[in-house]
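Each chain gets a letter, A, B and so on, in the order its sequence line appears, and its residues count up from 1. Note that the structure is predicted; figures quoted are calculated from it, not measured.
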Amino acid sequence: MGIQKLASLIKKEAPESISAVPPRDYRDRVLAIDASVAIYQFNAAIPTIINRDGEDLSALQGMFYRTVYMLENGIKPVFVLEGPPPALKHRKGNSDGKSTPGHGRRDDLEKMLRYLGVPYIQATGEAEATCAALVKHCLAWGTVTEDMDALPFGSTRLIRNLKANNLGNVEEYNLPKLLKLLKLSPEQFVELCILLGCDYSGKIKGLGIKKALELMQKHGSIERILKTIKKDRIPADFRYQEAKQLFLQPSVVDVSRVQLNWRAPDEENLVQFLSHEKHLNETKIRTKLAKLRAIQQPKEKKTPKKRSAQSSLSDPNNQKQPKMTDFFMAKKKSQKQPQRRAARLTKSGKSMELPVP
DNA sequence: ACTCTGTCTCAAGACGAC
DNA sequence: TTGAGACAGAGT
DNA sequence: GTCGTCC
């Protein structure tokens, strides 16, 4: 998944585009969280936690703590839930329906996020793409994911390693800086990513990070590079034009309609849900929530106007961060179009297929 | 001889008590 | 599963 | 910091 070698390419060829950032620096910033990657990691990494009803709580518990951790740091997370993948995507194993082990879990996650007062968005396709769209339109500061795909999708900032456990700094990748250092246009960068190997296309054997970058810098496009390469090295499924389209014009949520709103956690409902219904330890949940409340409340009292949080204090590197004062949760029902409703419902099923170029 | 790619292996989350 | 690091072996 | 536990 993702572009496997992109991270090592950047670390080797343009390390200056990565900075180490303490999580505190994201205070009051909106970060788009790629929920699918996080969920997957929780499911894969943790020794499975099963409650008395036989439910796997690994992801739910992990997401709870990690989300609270972000809130404690003053981060405004917006979760992006994965939609159906483009048909071109090579996926091993799963694909549709029941093999996705978590329809129930996704509902659980949504419920928990609502009680936490954290907004989420149902993507129409790859979560990375919608995260990137939010960032591009200044609705979010950056994308939090381990999946480097967010960069070719155009997320100007990609944040890795934002974990509760991680005492150190996160890694922030800066896309404009990266393009400048690599001396590539955004389009050329996307093509470079395809050469490195992405989910949407086969890959030319023998082209690794060094050669791919060198050739792209020298020739400027895959089309011209292909002329310099023996045909037998090009695999039959090297459909780079289609892959390029999927990166440059992916299916994303209509961000102009997205409105985001953060509320204080609903502690009683959280305890009811997480502890009484899902049987997570009530004391731990309450302790955590009390700590969060202690962090959040004094702040709101000190700064009766939300504005004051903005440019005034604490943030040496603050810039055009989007203002998130009175957004609210996605859709107004008044002018809701049936289409949006349909898109919304997609989460529950496979009703919608993506148009594939 | 050196550089690069491909393959293998391993670890993986968060908490709190100590 | 994924990603990162080590290493071996192919390519130049 | 390390380690045992989370359900």
*Asks:* Of A:Ala44 and A:Lys203, whose nearest nucleotide on DNA chain B comes first from the 5' end?
*Replies:* A:Lys203
*Asks:* Which residues pass the salt bridge (Lys or Arg N to Asp or Glu O under 4.0 Å) test with A:Arg233, sequence neighbours left out?
*Replies:* none
*Asks:* Using atom names, set out every protein N or O paired with an N or O of nucleotides 5-7 of chain D below 3.5 Å, distance rounded to 0.1 Å.
*Replies:*
{"residue": "D:dC7", "atom": "OP1", "partner": "A:Asn281", "partner atom": "N", "Å": "2.7"}
{"residue": "D:dC7", "atom": "O3'", "partner": "A:Asn51", "partner atom": "N", "Å": "3.4"}
{"residue": "D:dC7", "atom": "O2", "partner": "A:Ile50", "partner atom": "N", "Å": "3.4"}
{"residue": "D:dC7", "atom": "O2", "partner": "A:Ile50", "partner atom": "O", "Å": "2.8"}

*Asks:* Taking only residues two or more places apart in sequence, or in another chain, which ones meet A:Glu146 in a side chain to side chain donor-acceptor pair (under 3.5 Å)?
*Replies:* none
*Asks:* Per the salt bridge (charged side-chain N to carboxylate O under 4.0 Å, His left out) rule, what does the pair list look like for residues 186-196 of chain A, sequence neighbours excluded?
*Replies:* A:Glu187-A:Lys244, A:Glu191-A:Lys244
*Asks:* Using a 4.0 Å heavy-atom cut-off to protein, can you give one letter per nucleotide of nucleotides 5-12 of chain C, 5' to 3': B if the base is in contact, S if only the sugar-phosphate is, - if neither?
*Replies:* --------
*Asks:* Could you tell me the separation between the CG atom of A:Asn165 and the C1' atom of D:dG1, rounded to a whole number of Å?
*Replies:* 12 Å
*Asks:* Just to verify, what does A:Lys291 make a salt bridge (Lys or Arg N to Asp or Glu O under 4.0 Å) with, not counting sequence neighbours?
*Replies:* A:Glu72
*Asks:* Please, which pairs that meet salt bridge (charged side-chain N to carboxylate O under 4.0 Å, His left out) have at least one residue in residues 208-224 of chain A, sequence neighbours excluded?
*Replies:* A:Glu13-A:Lys210
*Asks:* With sequence neighbours left out, write down each residue that passes ring pair (Phe, Tyr, Trp, His ring centres under 6.0 Å) with A:Tyr173, or none if nothing qualifies.
*Replies:* none
*Asks:* Taking heavy atoms of chain A and a 4.0 Å limit, find me the 5'-most and 3'-most nucleotide of DNA chain B within that range.
*Replies:* B:dC4 to B:dC15
*Asks:* Under the salt bridge (Lys or Arg N to Asp or Glu O under 4.0 Å) test, which residues partner A:Lys111, sequence neighbours left out?
*Replies:* A:Glu277
*Asks:* Which residues pass the ring pair (Phe, Tyr, Trp, His ring centres under 6.0 Å) test with A:Phe238, sequence neighbours left out?
*Replies:* A:Tyr240
*Asks:* Restricting to pairs with a member in residues 39-58 of chain A, which pass salt bridge (charged side-chain N to carboxylate O under 4.0 Å, His left out), not counting sequence neighbours?
*Replies:* A:Glu55-A:Lys278, A:Asp56-A:Arg105
*Asks:* Using the P atom on both, measure B:dC15 against C:dG3 and round to a whole Å.
*Replies:* 24 Å
*Asks:* Are any side-chain N or O atoms of A:Ser19 and backbone N or O atoms of A:Val21, one a donor and one an acceptor, separated by less than 3.5 Å?
*Replies:* no
*Asks:* Provide the distance between the two P atoms, one in D:dC3 and one in B:dA12, to the nearest whole Å.
*Replies:* 12 Å
*Asks:* Could you say whether A:Tyr40 or A:Ala7 is positioned toward the 5' end of DNA chain C, judged by the nucleotide with the nearest heavy atom to each?
*Replies:* A:Tyr40
*Asks:* Quiz question: by atom type and distance under 3.5 Å, do the side chains of A:Tyr200 and A:Glu126 form a donor-acceptor pair?
*Replies:* yes
*Asks:* Determine the interatomic distance between C1' on B:dT9 and the same-named atom on D:dC6; round to the nearest Å.
*Replies:* 28 Å
